[in-house]
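Encoded as structure tokens, the structure appears first; notes follow it.
Since this is a predicted model, take the numbers as computed values, not measurements. Numbers restart at 1 for each chain; the letters A, B, ... are given by sequence-line order, proteins then strands.
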Amino acid sequence: MNLDFLNESQRQAVLMTDGPVMILAGAGSGKTRTLVARIQYLLEEKRVSPYQILAVTFSNKAAREMRERLAVNTSVNVGTLQVTTFHAFCAKVLRMEATYLGLSKNFTIYDDGESQSIIKAILTKRGINQKELSPYTVAAFIDGLKNLGYYMGLARNADVEKYAEDKRLFDIFMEYEAELHRSNAVDFGGLITGVLNLFRSYPEVLQKYQQKFKYVLVDEYQDTNRAQFDLILQLSQTHRNLCVVGDEDQSIYSWRGADIRNILDYESVFPEAKLIKLEQNYRSSKKIIEAASEVISRNLARKGKQMWTDNDEGEEIRIVECRDDKAEADFVGQQIRHLVQEGVSLKDIAVFYRNNAHSRTIEDALRKEKFPYRVVAGIKFYDRKEIKDMISYMRVVVNKKDSLALTRIINTPARGVGATSLRKLEDEAVRLQLSLFELLEKIVESPAEFKHLSLSGKVQSAVYQLVHLIQEVQVLETQNHSPSFSYEKLLNESGYYEVLRADKSYEGAARLENLEELMSAIKQFEDSENEPNMVKFLETITLDTTVSEDGSTDQVSLMTVHGSKGLEYPYVFLIGIEENIFPSYKSLEVGPVALEEERRLFYVAMTRAMKQLTITFAQSRLLWGSIKFNGPSQFLHEIPAQYYRWDFFQTGSKKAQFDNYSQSYDDWDQSNHSSDDQVFYKEKVYQTKKAVANLSNYPSGSKIVHALYGEGTVLDTEGLGQDEKVTILFRDGVRKKFMVKFAPLQKA
DNA sequence: GTTGCGCAGATTTTT
DNA sequence: TCTGCGCAAC
């Protein structure tokens with residue numbers, strides 16, 4: 001196999017197949033290329049059976065990309081090669097070994113929303129007010145426990161002990177686990193801890209997998225949590241061929257349980273581990289890479305890589321100060337228009353923001369310019385009510401212990417089973433230790449035994465019909481009919497379709513359309529699977545929420561910075577780069593560790609850009625109903641001056657702009673002075689000063705030539721007219737402050 | 001069951 | 001300012 005297309009470190013990463021290896025792969029360093037080559041090398045040169053290789057990643061996106069590239073490059077049959085996500089891998093293992101844990105193999109996977117529904121029910125049952133203890137808090141607690149790898153019955157380590165101190169939350173956790181088990185359901189975290197539990201309780205099962213997987217590879221290693229760390233350690237214990245690939249500087253999901261200790265501690269767990277750093281960047285211009293490196297170098301929690309590139313010097317980064325959020329959006333729209341005029345295609349342009357709320361102004365601007373765009377990860381398709389409803393029907397078919405799903409649909413569409421009847425049924429189910437559906441079946445079987453429930457005739461016939469529908473579809477399933485066939489039956493015979501069709505509103509039509517789309521999703525799934533069935537389909541849509549795209553359409557991409565990880569675009573706009581937004585106010589409250597994560601996030605954003613990076617911020621922004629003056633992000637000051645150009649953008653004349661400014665200042669003066677306004681006031685003054693600065697002859701960022709010191713960049717301006725003073729950074733790094741009227745200055 | 005009011009809260013969200 | 005919710009009233 002020819003490895004000439006790899007650089008020296010990449011080649012090492014491919015060739016060091018045996019023993020533990022940690023690859024620190026910087027942004028744009030050809031990580032996927034290297035990983036694919038490594039697997040290919042194992043298959044073709046080392047003659048390892050694909051069956052013995054396990055490659056796990058965190059996201060479906062990464063798994064898919066790797067699979068596709070392997071399929072293209074490798075001559076060996078890739079069929080039995082496992083390239084999946086942690087969750088999909090664990091789901092597979094759990095289904096195979098379900099009986100060990102008292103599950104059945106058709107268990108349901110609950111997503112975050114469903115977990116929270118269970119939690120809500122528990123809180124209500126315990127009479128705990130949701131304001132006193134929010135379901136979200138409980139969910140985060142449970143998630144935190146599972147991220148650490150804790151499951152019921154495991155001896156607690158120090159990390160877990162801290163959690164167990166809160167007796168009340170821990171109690172709720174236990175009840176939650178019991179409820180999930182009763183429902184034959186597993187949540188996301190439980191997929192991982194379930195396997196840990198399985199491995200610990202049944203060493204012979206663990207051994208089977210340990211022997212099977214001779215080579216284990218982990219991608220996106222910086223995003224793994226403690227539970228996943230534990231899992232891969234166990235899996236690779238026999239052969240010790242564990243290769244992890246990650247970038248500590250791109251760890252941006254600690255709030256989701258990603259544990260940077262996994263990277264920082266790797267060498268203490270594997271003292272014999274080889275460390276390989278991929279430091280050459282193939283993606284971005286020198287200016288971008290060097291600037292980004294400077295920024296990230298301020299972080300303390302890192303192993304330390306020095307990224308470099310052979311690429312061109314490239315353009316300066318543009319930092320653009322806009323008057324307000326509206327102007328910022330106009331600016332981006334206008335710039336995109338210029339790019340298009342230069343022949344750039346829209347798919348090469350992306351706009352990133354710190355939080356979803358900021359997509360709106362940009363969307364407006366793009367609509368105005370009539371540029372097509374796509375908002376990545378807006379409202380999730382599978383979160384829509386009608387989709388969840390139909391999925392719940394399918395879930396009950398597949399898993400009759402899934403009482404959550406049944407509660408959702410027992411009266412959807414309305415069939416006269418109201419809250420009172422439902423309560424009666426639920427109580428009876430608890431009394432008889434049956435799931436809700438099992439109870440309904442019994443009622444249908446022998447109604448006489450349930451006279452004491454005094455169900456109305458309407459309720460009885462509704463139950464009768466629902467149970468029959470579900471049972472009929474269950475039969476279809478055992479006869480291996482296609483999921484789409486079952487879906488259609490459910491949709492029609494439940495009355496769901498009819499009710500929506502009768503709804504003549506725009507919304508109703510949209511819902512029907514969504515249900516059509518669900519149908520195509522099922523069909524598409526059927527085409528891609530060897531033996532499609534409903535269990536698999538339901539698993540796929542909870543574990544992989546990516547909705548297939550229209551493909552090659554030429555449009556601008558809009559997304560959060562988190563969403564941009566792993567992607568690259570020639571032209572990138574980073575908007576809203578203001579203090580309190582990016583870094584977020586929350587991270588500023590929490591402290592330096594959180595700030596470092598924000599810095600990594602900023603680093604991720606910068607390193608997506610290949611040719612041109614434009615960073616914008618607004619002097620004032622309409623936020624939460626009032627105008628906020630946040631000022632530029634501290635991260636902007638961390639970019640050394642030689643890498644950027646600081647511009648000012650306004651709509652209308654400078655004069656008008658300034659007047660506008662004074663006016664908002666006056667407006668404020670007349671407003672009431674609450675305690676918050678202290679801060680507000682200071683920011684205003686700063687902003688006013690800024691505005692003044694931009695009326696100067698030498699605004700911040702402009703290039704000058706000084707008769708004595710030579711070329712330099714204006715860092716700061718204060719005063720106006722006769723009083724104007726400028727601080728200048730000269731090329732040799734010297735800083736000087738001058739009175740403009742005396743200094744021999746010229747614009748460069 | 002649906003509608004409407006009042007109130008709190010308002011990062012990120014690979015699975 | 002906008003949204004999402006829980007709860008009360010039709």
(message) Once you apply a heavy-atom cut-off of 4.0 Å, does A/Asp111 come out as touching a base, just sugar-phosphate, or nothing?
(response) nothing
(request) Would you name the heavy atoms of A/Leu543 and A/Ala91 that are closest together and state the gap between them? (result) CD1-CB, 4.3 Å
(message) If I take atom NE2 in residue A/His358 and atom P in nucleotide C/dC2, what distance separates them, rounded to the nearest angstrom?
(response) 14 Å
(request) Could you tell me the separation between the CD atom of A/Gln228 and the P atom of B/dT14, rounded to a whole number of Å? (result) 15 Å
(request) Mind calculating the distance between CG (A/Asp143) and P (B/dT14) to the nearest angstrom? (result) 13 Å
(request) Answer yes or no: is there an ion pair linking A/Glu114 with A/Lys388, defined by an N-O contact shorter than 4.0 Å? (result) yes
(message) With a 4.0 Å limit, can you tell me whether A/Asn356 has a side-chain N or O closer than that to the phosphate oxygens OP1/OP2 of B/dA10?
(response) no
(request) Using a 4.0 Å heavy-atom cut-off across all strands, classify A/Lys586 as base, sugar-phosphate, or nothing. (result) base
(request) Nearest whole angstrom, please: distance from the C1' of B/dT12 to the NZ of A/Lys565. (result) 12 Å
(request) In plain terms, say whether A/Asp402 and A/Arg408 are close enough for a salt bridge, that is, a side-chain N and a carboxylate O under 4.0 Å apart. (result) no
(message) Centroid separation under 6.0 Å, is that true for the rings of A/Tyr209 and A/Phe199?
(response) yes
(request) May I have the distance from A/Lys458 (atom NZ) to B/dG1 (atom C1'), rounded to whole angstrom? (result) 11 Å
(request) Please state whether the base of B/dT14 and the side chain of A/Asp223 form at least one donor-acceptor pair under 3.5 Å? (result) yes
(request) Take A/Leu543 and A/Ala357, find for each the nucleotide of DNA chain B with the closest heavy atom, and name the residue whose nucleotide sits nearer the 5' end. (result) A/Ala357
(message) Work out how far the P atom of B/dT13 is from that of C/dC2, and round it to whole angstrom.
(response) 22 Å
(request) With the side chain of A/Asn411 defined as its heavy atoms from C-beta on, choose the nearest nucleotide among B/dT14, B/dA10, B/dG1. (result) B/dG1
(request) Quickly work out the A/Arg621 CZ to C/dT1 C1' distance and round it to whole Å. (result) 15 Å
(message) Both A/Gly563 and A/Val417 contact DNA chain B. Which one's nearest nucleotide lies toward the 5' end?
(response) A/Val417
(request) Assign A/Glu598 to base, sugar-phosphate, or nothing according to its heavy-atom contacts below 4.0 angstrom with the strands shown. (result) base
(request) Taking the six-membered ring for Trp and the single ring otherwise, decide whether the centroids of A/Phe602 and A/Phe582 are under 6.0 Å apart. (result) yes
(request) Measure from the side chain of A/Phe58, starting at C-beta and using heavy atoms only, and say which of B/dA10, B/dT12, B/dT14 lies closest. (result) B/dT14
(message) Between B/dT12 and C/dC5, how far apart are the two C1' atoms, rounded to whole Å?
(response) 22 Å
(request) In whole angstrom, give the distance that lies between atom CZ of A/Arg354 and atom C1' of B/dT12. (result) 5 Å
(message) Please tell me if A/Thr560 has a side-chain N or O lying less than 4.0 Å from either OP1 or OP2 of B/dT13.
(response) yes
(request) Round to the nearest Å and state the distance from A/Asp112 atom CG to B/dT12 atom P. (result) 15 Å
(message) Taking NZ in A/Lys536 as the centre, count heavy atoms belonging to other residues, nucleotides or ligands within less than 6.0 Å. Is the count above 12?
(response) yes
(message) Under 4.0 Å, heavy atoms only, any strand: does A/Gly418 hit a base, just the sugar-phosphate, or nothing?
(response) sugar-phosphate
(message) Under the criterion of centre distance below 5.5 Å and interplanar angle below 30°, is A/Trp255 classified as stacked on the base of B/dT12?
(response) yes
(request) Could you work out which one of B/dT14, C/dG6, B/dT12 sits closest to the side chain of A/Lys120? (result) C/dG6
